[in-house]
Amino acid sequence: MRRGISIAAAVTVVALTASACGGSGGDSTGKPKDPKDISGTITYWDTSDAATEAPTYKALIKQFENKYPKIKVDYQNIPFTDIEQKFKSAAKSGKGAPDVVRTDVGLMAEYAELGYIAPLDGTPALKDTGDFSSVPLNTARYKGKTYGVPSVTDTLGLLYNKKLLKQAGIAQPPATWDEFIADAKTIKEKTGAYGTYLNPDSYFLLPLLYSNGADLADPSAKKITINDGAAVEALTTAKKINDEASMKVDFANAYQNMQAAFKNGKVAMLIQGPWSVGDDLSGTAFKGDEENLGFAPVPAGAGGKAQAPTGGHNLTVYQGSGNLDASYLFTQFMTSTPSQIEIAKGTGTLPTRKSAYTSEVTGDAKIAGFQPLLEKTARARVALPQAGSLFTPLAQNYVKILQGDESVQGGLDATAKEFQKLLKGFSVG
């Protein structure tokens, strides 16, 4: 029995797996089912924005039901902040879980380890994998199996105000963190605007860690690495950015103040994601002048690498689903090239399939700006079931380091000790 599924649900899974001939779906002769013969009702939990994004997904579901009239989809929009606990509770009890759920890439390893989501290798859900960009596809893999199908993706990049850089005499956005700090000082001196606003959230620290060859932990070696030399170097750079290059950070309301300062021209450069661009374009620095918003890779560190975390969502199938065949078919349809094109056009999110980057899709400046960054700098985060929980102690100690209440080494050592409580069997370097 897989951990986290009730006995009744586990029995259902075994029976369904046997009847589905390894999960691909088939009749009594072992032949794959004709999709048009698949019937039943499935429940889909969606976390897209109910007002701005959900209508696009609902329209696609209608297309799916028209194509497969024997299948009905019970669509439920669940707030992103609620879905993790809601799904875990339902999956653990074996009662009320959806057949298909839109899953944040940071939760994939945890759900897979708990046995809540089904491996999709060899099923109709996972089709034309060579068309997926490699990094989004890697977010769906855990311990050699693929547990989700990439739906939408994102990463972090360097957003910048072209006019402010030009006024400061800077021809190109900075390519390294040292250049980033130097350019920020020049911008302040020449234009009066601040060079940057450091986001103290630990997720936005990842580009600094990655670019210096650091990470939270090394699963293969079962070793905590957040306090090693490379991480110390990364945090030392972050502290220098805070002290020498950033507008004063309001730690109680950092994200909102950072956004307001950038979009209104008080700050020239930010490490941000594509989700912020709509808000950016509403500010005085870019409204009516979208061409003033520049996109570049995150800066490189001492290791010579420029890397940023991959975000986004995958579609996953509940291990205890009572209708795996319909769930696989629905997942395939919603992640197909035509569906991803419609999603990109309707929501402005970045597709995971290379074939979905049509001229119409890349007509969106945000998508055109971030597409090359996905290929050049995005990488999957460390695949640990506890990965989401690690960000809390890191964030707490990161703020202490930035505020001068802890030394870099001291703050990271404290973080490593907290990590050790969460990562049983891991050693501290």
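Residue numbers run from 1 in the order of the sequence given.
For Lys86, the NZ atom is loosely surrounded, since the number of other residues' heavy atoms within 6.0 Å does not exceed 12. Annotation: Lys305, atom NZ; neighbour count of heavy atoms from other residues, nucleotides and ligands within 6.0 Å does not exceed 12. Heavy-atom contacts from other residues, nucleotides or ligands closer than 6.0 Å to NZ of Lys239 number more than 12.
Taking the centre of each ring, Phe87 and Tyr111 come in below the 6.0 Å mark. In this structure, Tyr197 has its ring center no closer than 6.0 Å to that of Phe262.
Heavy-atom minimum distance, Ser355 versus Thr337: OG-OG1, 2.6 Å. Nearest heavy-atom pair across Ser133 and Lys354 is OG-CG, 3.7 Å. Across all non-hydrogen atoms, the minimal contact from Gly273 to Leu159 is O-CD1, 4.5 Å. Of all non-hydrogen atoms in Leu315 and Ser151, the two that sit nearest each other are CG-CB, 4.3 Å. For the pair Ala238 and Leu208, the tightest heavy-atom approach, listed with the atom from each and the gap, is CB-CD1, 3.7 Å. Pairing each heavy atom of Ala285 with each of Gly265, the nearest pair is CB-N, 3.6 Å.
Using a 4.0 Å cut-off between charged side-chain N and carboxylate O, Asp131 and Arg353 make a salt bridge.
How far NZ of Lys417 is from CG of Leu422: 15.0 Å, rounded to the nearest 0.5 Å. Taken to the nearest 0.5 Å, the CG atom of Asn138 stands 12.5 Å off from the CZ atom of Phe132. To the nearest 0.5 angstrom, Asn199 atom CG is 11.5 Å from Asn242 atom CG. Taking CD1 of Ile341 as the start and CD of Glu360 as the end, the distance is 8.0 Å to the nearest 0.5 Å. In this structure, CG in Leu423 is found 11.0 Å from CD1 in Ile226, a value given to the nearest 0.5 Å. To the nearest 0.5 Å, atom CD1 of residue Ile271 and atom CE of residue Met258 are 10.0 Å apart.
Residue pairs meeting the side-chain hydrogen bond (donor to acceptor under 3.5 Å, both in side chains) criterion with at least one partner in residues 156-170, sequence neighbours excluded, are Asn161-Asn292, Lys163-Asp289. Residue pairs satisfying the side-chain hydrogen bond (donor to acceptor under 3.5 Å, both in side chains) criterion with at least one member in residues 386-403, sequence neighbours excluded, are listed as follows: Asn397-Thr415.
Taking the ring centre of Tyr210 as origin, the terminal cationic atom of Arg379 falls inside the region bounded by 6.0 Å and 45° from the ring axis.
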Can you check salt bridge (Lys or Arg N to Asp or Glu O under 4.0 Å) on Glu189 and Lys185, steps first, answer last? CA-CA 6 Å; Glu189 178 185 345; Lys185 292 179 179 178; over 6 Å; no
Are Phe426 and Phe419 close enough, and set up right, to give a ring pair (Phe, Tyr, Trp, His ring centres under 6.0 Å), and what steps lead you there?
-> CA-CA 9 Å; Phe426 276 60; Phe419 279 15; 9.8 Å; no
Q: For Tyr318 and Val100, run side-chain contact (heavy atoms from CB on, under 4.5 Å): C-alpha distance rounded to whole Å, both residues' side-chain angles, the deciding distance at 0.1 Å, then the answer.
A: CA-CA 6 Å; Tyr318 172 49; Val100 180; over 6 Å; no
Determine, stepwise, if the pair Lys88 / Gln85 fulfils side-chain contact (heavy atoms from CB on, under 4.5 Å). CA-CA 5 Å; Lys88 284 180 181 178; Gln85 291 307 315; 4.1 Å; yes
Check the pair Asp218, Thr225 against side-chain hydrogen bond (donor to acceptor under 3.5 Å, both in side chains), reporting the backbone distance first and the verdict last. CA-CA 7 Å; Asp218 181 352; Thr225 59; over 6 Å; no
Which is it for Tyr44 and Gln76 under the side-chain hydrogen bond (donor to acceptor under 3.5 Å, both in side chains) test, yes or no, and what are the steps along the way? CA-CA 6 Å; Tyr44 172 51; Gln76 297 180 26; over 6 Å; no
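Under a 3.5 Å cut-off, the side chain of Asp99 and the backbone N or O of Thr43 do form a donor-acceptor pair. Trp177 places a side-chain N or O within donor-acceptor distance of the main-chain N or O of Pro299, the cut-off being under 3.5 Å. With hydrogens and angles disregarded, no donor-acceptor distance shorter than 3.5 Å links the side chain of Thr191 to the backbone of Leu164. The backbone N or O of Phe333 sits less than 3.5 Å from a side-chain atom of Ser339, completing a donor-acceptor pair. Checking side-chain atoms of Asn264 against main-chain N and O of Lys266 turns up no donor-acceptor pair under 3.5 Å. Ser93 contributes a side-chain N or O that, together with a main-chain N or O of Lys95, makes up a donor-acceptor pair within less than 3.5 Å. Looking at Ser276, its side chain never comes within 3.5 Å of a backbone N or O of Gln272 through a donor-acceptor pair. A donor-acceptor pair under 3.5 Å is absent between the side-chain atoms of Thr47 and the main chain of Phe80, judged by distance alone. Counting only distance, with no hydrogens or angles, the side chain of Asp49 and the backbone of Ala51 share a donor-acceptor pair below 3.5 Å. A donor-acceptor pair under 3.5 Å links the side-chain atoms of Ser321 to the main chain of Asn323, judged by distance alone.
Taking the side chain to side chain donor-acceptor pair (under 3.5 Å) definition, one finds that Thr347 meets it with Thr349, sequence neighbours left out. Ala125 meets the side chain to side chain contact (heavy atoms under 4.5 Å, CB included) test with Leu120, Thr123, Val149, Tyr328, Thr331; sequence neighbours excluded. Under the side chain to side chain donor-acceptor pair (under 3.5 Å) criterion, Glu65 pairs with no residue at all, not counting sequence neighbours. Under the side chain to side chain contact (heavy atoms under 4.5 Å, CB included) criterion, Ala50 pairs with Asn77, not counting sequence neighbours.
You'll find the side chain of Met269 reaches within 4.5 Å of the side chain of Ile187, heavy atoms only. Residues Thr310 and Thr153 are in side-chain contact: their nearest non-hydrogen atoms beyond the backbone lie under 4.5 Å apart. Side-chain contact between Asn257 and Met247: absent, with no pair of heavy atoms (C-beta onward) separated by less than 4.5 Å. When side chains are defined from C-beta on, Thr139 counts as touching Asn314, because their heavy atoms get closer than 4.5 Å. Side chains of Pro219 and Val382 form a contact here, defined as non-hydrogen atoms less than 4.5 Å apart. Considering only heavy atoms from C-beta on, Ile401 stays 4.5 Å or farther from Ser407 through its side chain. By the 4.5 Å heavy-atom criterion applied to side chains, Ser211 and Gln307 are not counted as neighbours. Contact of the Val152 side chain with the Ile343 side chain is registered, since non-hydrogen atoms from C-beta on lie closer than 4.5 Å.
Inspection of the Thr352 and Gln340 side chains reveals an N or O donor paired with an N or O acceptor under 3.5 Å. Between the side chains of Thr176 and Asp178, no donor-acceptor pair of N or O atoms lies under 3.5 Å. Between the side chains of Asp46 and Tyr75, at least one donor N or O lies within less than 3.5 Å of an accepting N or O.
Of the options Asp280, Thr284, Asp279, a side-chain hydrogen bond (donor to acceptor under 3.5 Å, both in side chains) to Lys263 is made by Asp279 and by none of the others.
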